[in-house]
Amino acid sequence: SAIATAAFDLKARLAEQPLHTLFGLKKRNKILAYVTLVIDDVDELEATIATYQARGFKAIKLYFPQLGFKPDHLTETECHQSEAALIARARHTAGPGTQLMLDGYASNPLWTNGFDYAVRMAELLHQHQFLWYEDPLPPDQLKEYQILTATTDILISGGERLLGHTAFIDWINCKAVDILQPDHTV
């Protein structure tokens with residue numbers, strides 16, 4: 001909860017220690033800091049990425065709300081081609097010096113794509129050297145997450161919608177994701 005988060009933060013500040021030291025959890029000296037960009041208008045992709053690169057970000061997680069939703073005027077094939085072009089465009093825009101990640105946001109209640117879509121997108125993202133693919137499937141598809149993580153070449157991340165420690169234990173035990181990303185405010 002937010003209250004627990006604030007209490008731990010206060011305890012660490014009073015002890016003049018970072019949280020990882022307080023909990024005895026330090027594993028590395030550096031972590032990847034990234035910005036999450038919601039790209040509602042794909043015509044703004046280049047300018048938005050350039051803005052955050054100019055601010056020093058070397059890692060960007062992208063979320064395209066329209067990705068995964070087929071417009072009525074496109075065939076299935078045209079939709080796949082359009083998505084592939086958008087991913088290629090994002091990689092080209094960011095260049096090789098910027099890590100890219102994609103948030104699939106498959107926990108969206110309107111999400112209708114399944115495992116085959118997640119595999120196709122994972123392959124596309126790997127081809128364009130994205131670092132990870134976040135939430136490629138709805139959170140109730142644990143077995144599918146496990147198979148996707150075991151059989152694709154891109155890192156799979158997720159966990160923001162999991163509630164309670166037992167859900168995390170299940171995901172950890174079956175290696176459902178490569179990167180577990182709990183929402184610390186839940």
Side-chain angles (χ1 to χ4, degrees), residues 30-141 144-145 147-149 151-162 176-186:
K30 294 181 181 181
I31 61 167
L32 177 68
Y34 63 89
V35 63
T36 299
L37 302 179
V38 178
I39 309 293
D40 290 308
D41 182 354
V42 295
D43 292 334
E44 298 294 321
L45 177 65
E46 288 82 2
T48 305
I49 288 176
T51 295
Y52 285 90
Q53 286 177 319
R55 292 180 182 172
F57 284 95
K58 297 188 183 327
I60 298 172
K61 182 173 74 172
L62 298 170
Y63 169 55
F64 299 99
Q66 69 279 19
L67 201 66
F69 294 95
K70 186 182 91 53
D72 292 335
H73 68 281
L74 294 180
T75 67
E76 198 72 31
T77 300
E78 290 170 333
C79 185
H80 294 302
Q81 291 170 342
S82 174
E83 290 179 345
L86 182 59
I87 296 302
R89 183 173 150 205
R91 168 45 64 211
H92 176 77
T93 298
T98 299
Q99 290 279 3
L100 289 179
M101 299 79 75
L102 181 74
D103 188 344
Y105 190 46
S107 59
N108 180 336
L110 302 175
W111 190 256
T112 59
N113 292 300
F115 183 76
D116 292 341
Y117 178 88
V119 169
R120 185 177 54 74
M121 186 57 69
E123 290 170 353
L124 178 64
L125 295 172
H126 176 70
Q127 174 187 345
H128 290 286
Q129 300 174 339
F130 275 58
L131 182 59
W132 75 65
Y133 184 16
E134 181 177 331
D135 291 335
L137 296 161
D140 61 348
Q141 295 185 11
E144 289 84 352
Y145 263 99
I147 296 167
L148 185 68
T149 298
T151 59
T152 57
D153 293 321
I154 188 169
L155 296 172
I156 302 297
S157 69
E160 288 179 326
R161 302 290 181 242
L162 298 179
V177 291
D178 298 299
I179 302 167
L180 191 59
Q181 292 181 299
D183 183 344
H184 70 280
T185 63
V186 176

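The figures here come from the full heavy-atom set of this structure, side chains too, leaving out hydrogens, waters and symmetry mates.
For the residue pair Glu83 and Tyr117, a side-chain donor N or O sits within less than 3.5 Å of a side-chain acceptor on the partner. A side-chain donor-acceptor contact under 3.5 Å links Gln53 and Thr98.
For the residue pair Leu137 and Ala106, the shortest heavy atom distance occurs at C-CB, 3.3 Å. Nearest approach of Tyr145 to Val177, heavy atoms of both residues: CD2-CG1, 3.7 Å. Nearest heavy-atom pair, Ser82 versus Leu74, reported as atom, atom and distance to 0.1 Å: CB-CD1, 4.5 Å.
Centroid-to-centroid, the aromatic rings of Phe57 and Tyr34 stay 6.0 Å apart or farther. Between Trp111 and Phe69, the distance separating the two ring centers is shorter than 6.0 angstrom.
Remark: the backbone N or O of Gln129 is paired with a side-chain donor or acceptor of Arg91 at under 3.5 angstrom. The closest donor-acceptor contact from the side chain of Asp135 to the backbone of Gly104 lies at 3.5 Å or more, if one exists at all.
Around the CD atom of Gln127, the shell of radius 6.0 Å holds more than 12 heavy atoms that belong to other residues, nucleotides or ligands.
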Kindly indicate, with the supporting measurements, whether the criterion side chain to side chain contact (heavy atoms under 4.5 Å, CB included) is fulfilled by Arg89 and Leu45.
CA-CA 9 Å; Arg89 183 173 150 205; Leu45 177 65; 3.9 Å; yes
Residue pair Glu123, Asp153: steps toward the side chain to side chain contact (heavy atoms under 4.5 Å, CB included) verdict:
CA-CA 7 Å; Glu123 290 170 353; Asp153 293 321; over 6 Å; no
Gln99/Lys58 under side chain to side chain contact (heavy atoms under 4.5 Å, CB included): CA gap, chis, key distance, verdict
CA-CA 6 Å; Gln99 290 279 3; Lys58 297 188 183 327; over 6 Å; no
Verdict with supporting geometry, Glu46 and Thr48, side chain to side chain contact (heavy atoms under 4.5 Å, CB included):
CA-CA 6 Å; Glu46 288 82 2; Thr48 305; over 6 Å; no
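Contact annotation: the side chain of Trp132 never approaches that of Asp178 to less than 4.5 Å [non-hydrogen atoms, C-beta and beyond]. Leu67 has its side chain within reach of Met121: a pair of non-hydrogen atoms, C-beta onward, lies under 4.5 Å apart. Residues Leu37 and Tyr52 have side chains in contact (heavy-atom distance under 4.5 Å, counting atoms from C-beta outward). By the 4.5 Å heavy-atom criterion applied to side chains, Phe64 and Val42 are counted as neighbours. In this structure, Pro136 and Leu148 have side chains that are in contact, with non-hydrogen atoms separated by less than 4.5 Å. For the pair Ser107/Pro138, no side-chain contact is recorded, criterion being any heavy-atom separation below 4.5 Å from C-beta on. Looking only at side-chain heavy atoms (C-beta outward), Ile60 and Ile49 come within less than 4.5 Å of each other. Counting heavy atoms from C-beta on, the side chains of Asp40 and Pro65 come closer than 4.5 Å.
Leu162 CG to Asp140 CG: the interatomic distance, rounded to the nearest 0.5 Å, is 10.5 Å. Once rounded to the nearest 0.5 Å, the distance linking CG of Leu86 with CG of Leu124 reads 9.5 Å. We find the OG1-CD1 distance between Thr149 and Ile179 to be 10.0 Å, quoted to the nearest 0.5 Å. Put simply, NZ on Lys61 and CG on Leu32 are 11.0 Å apart, with the number rounded to the nearest 0.5 Å. Note: His126 NE2 to Leu131 CG = 12.0 Å, rounded to the nearest 0.5 Å. Taking CE of Met101 as the reference point, atom CZ of Phe130 lies at 9.5 Å (rounded to 0.5 Å).
Using a 4.0 Å cut-off between a side-chain N of Lys or Arg and a carboxylate O of Asp or Glu, Lys70 and Glu78 do not qualify as a salt bridge.
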